[in-house]
Protein chains: 2
Amino acid sequence: MTLTIGQVARQCGVGVETIRFYEREGLITQPSRPEFGFRKYPPDAVRWVRFIQRAKALGFSLREIKDLLSLRVDSATTCDAVKGRAEAKIADIEKKIVHLQEMKRALVKLTVACRGKRPTSECPILEALGDED
Amino acid sequence: MTLTIGQVARQCGVGVETIRFYEREGLITQPSRPEFGFRKYPPDAVRWVRFIQRAKALGFSLREIKDLLSLRVDSATTCDAVKGRAEAKIADIEKKIVHLQEMKRALVKLTVACRGKRPTSECPILEALGDED
DNA sequence: CTTGACACCGTAGTGCGGTACGGGGTGCAT
DNA sequence: ATGCACCCCGTACCGCACTACGGTGTCAAG
């Protein structure tokens, strides 16, 4: 069974125009289309679009998401390059996780301070800032 | 010792205009300023701006970052509300961490598949997509 | 007391990531 | 064969987060 663009869009909670936009930008592959008729999407298209939405919410740009997605496309040919890029992305992600954990720790500390009814004038949010780059 | 806007900007790797912009948007508090002279920043200003940069890279909008920062400002007055908002943010952050871990797992799997010289035609990146939301 | 680097302000322009619109075409249902 | 919902395309527009610009003011060093 194939899906129309509208069905994919509804299942992803985005607009039809967004999917056409992603197609123009090369984030999702052109769906099969019988000579200027409607686009026909495989059910997996929904997962691709959801991946894009999720990655965006995690601070990746569409350019980066495109890179991420392209890792699978040409993997057979230039395996070493793919591996390198994947490892770089893993490092990025690990850094993001560390920073999020720092922010979380700071916020937890804030709620604890709150419970204790102290006015938290010495701001705990500032402690979410390790000084290494 | 106080800093000029240019010194803060250089230490944060942003432009002077960016800091003025953050000030206009209420993300950083107005620095003390002797009656229409230059802005005088405390050294902590550098940390605030770096916090904003970092939070942006983690997928928070300036609106959200403003909320995050405001948690410290009026904490003495509406402690319960602050606690609630902080807890909501913690939940957001935990969700982000989970999604990042899923992406990382998928990428690690990709590099492993790569090592094994298999063409990874069954895309492991797609597995970064849990279907709950 | 001049000079040059930097700061001040407001407004306009940029790039990203969509979002809306208008004028059509398609396709199935009645 | 006539609706009607949905799709096609291109182009214009939008909000966010800056970034650049241009004309003026400040100030510390020489």
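All chains are named by letter (A, B, ...) in the order of the sequence lines, taking the proteins before the strands, and each is independently numbered beginning at 1.
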Of all heavy-atom pairs linking B:V16 and B:G6, the shortest is CG2-CA, 3.9 Å
Interatomic distance where CZ belongs to B:F21 and P belongs to D:dT19 [whole Å]: 10 Å
B:E17 CD to D:dG23 P, in whole Å, measures 16 Å
Checking contacts here: which listed nucleotide (D:dC18, D:dC27, D:dG10) is nearest the side-chain heavy atoms of B:T18? D:dC18
Evaluate the side-chain proximity of A:E64 to A:K89: yes if any heavy-atom separation is below 4.5 Å, no if none is. yes
Closest non-hydrogen atom pair, B:L3 against B:P42: CD1-O, 4.4 Å
Any idea which of D:dG25, D:dG10, D:dC7 is nearest the A:I5 side chain? D:dC7
Within this structure, what is the CD1-to-C1' distance between A:I19 and D:dC6, rounded to whole angstrom? 14 Å
Between A:T4 and D:dC7, does any side-chain N or O lie under 4.0 Å from OP1 or OP2? yes
Atom CZ of A:R24 and atom C1' of D:dC8 are separated, to the nearest Å, by 12 Å
So A:G15, base contact, sugar-phosphate only, or nothing? Heavy-atom distance under 4.0 Å. nothing
A:Q7 CD to D:dC6 P, in whole Å, measures 10 Å
Across all chains, not counting sequence neighbours, the side chain to side chain contact (heavy atoms under 4.5 Å, CB included) partners of B:R63 are B:S61, B:K66, B:D67
Rounded to the nearest Å, what distance is computed from the CZ atom of residue B:F60 to the P atom of nucleotide D:dC16? 18 Å
Separation of D:dA17 P from A:K56 NZ (nearest whole Å): 12 Å
Should B:F21 and B:L62 count as side-chain neighbours, where that means a heavy-atom distance under 4.5 Å? yes
Position toward the 5' end of DNA chain D (nearest nucleotide), B:R20 or B:R63: B:R63
With a 4.0 Å cut-off (strictly under) to non-hydrogen atoms of chain A, the first and last hit nts on DNA chain C, 5' to 3', are C:dG17 to C:dT26
In whole Å, I'd like the distance from the CD atom of B:Q53 to the C1' atom of D:dC18. 10 Å
Are B:F38 and B:I5 packed together at the side-chain level, in the sense that at least one heavy-atom pair is separated by less than 4.5 angstrom? no
Electrostatic pair A:K95:A:D92 at N-O distance under 4.0 angstrom: no
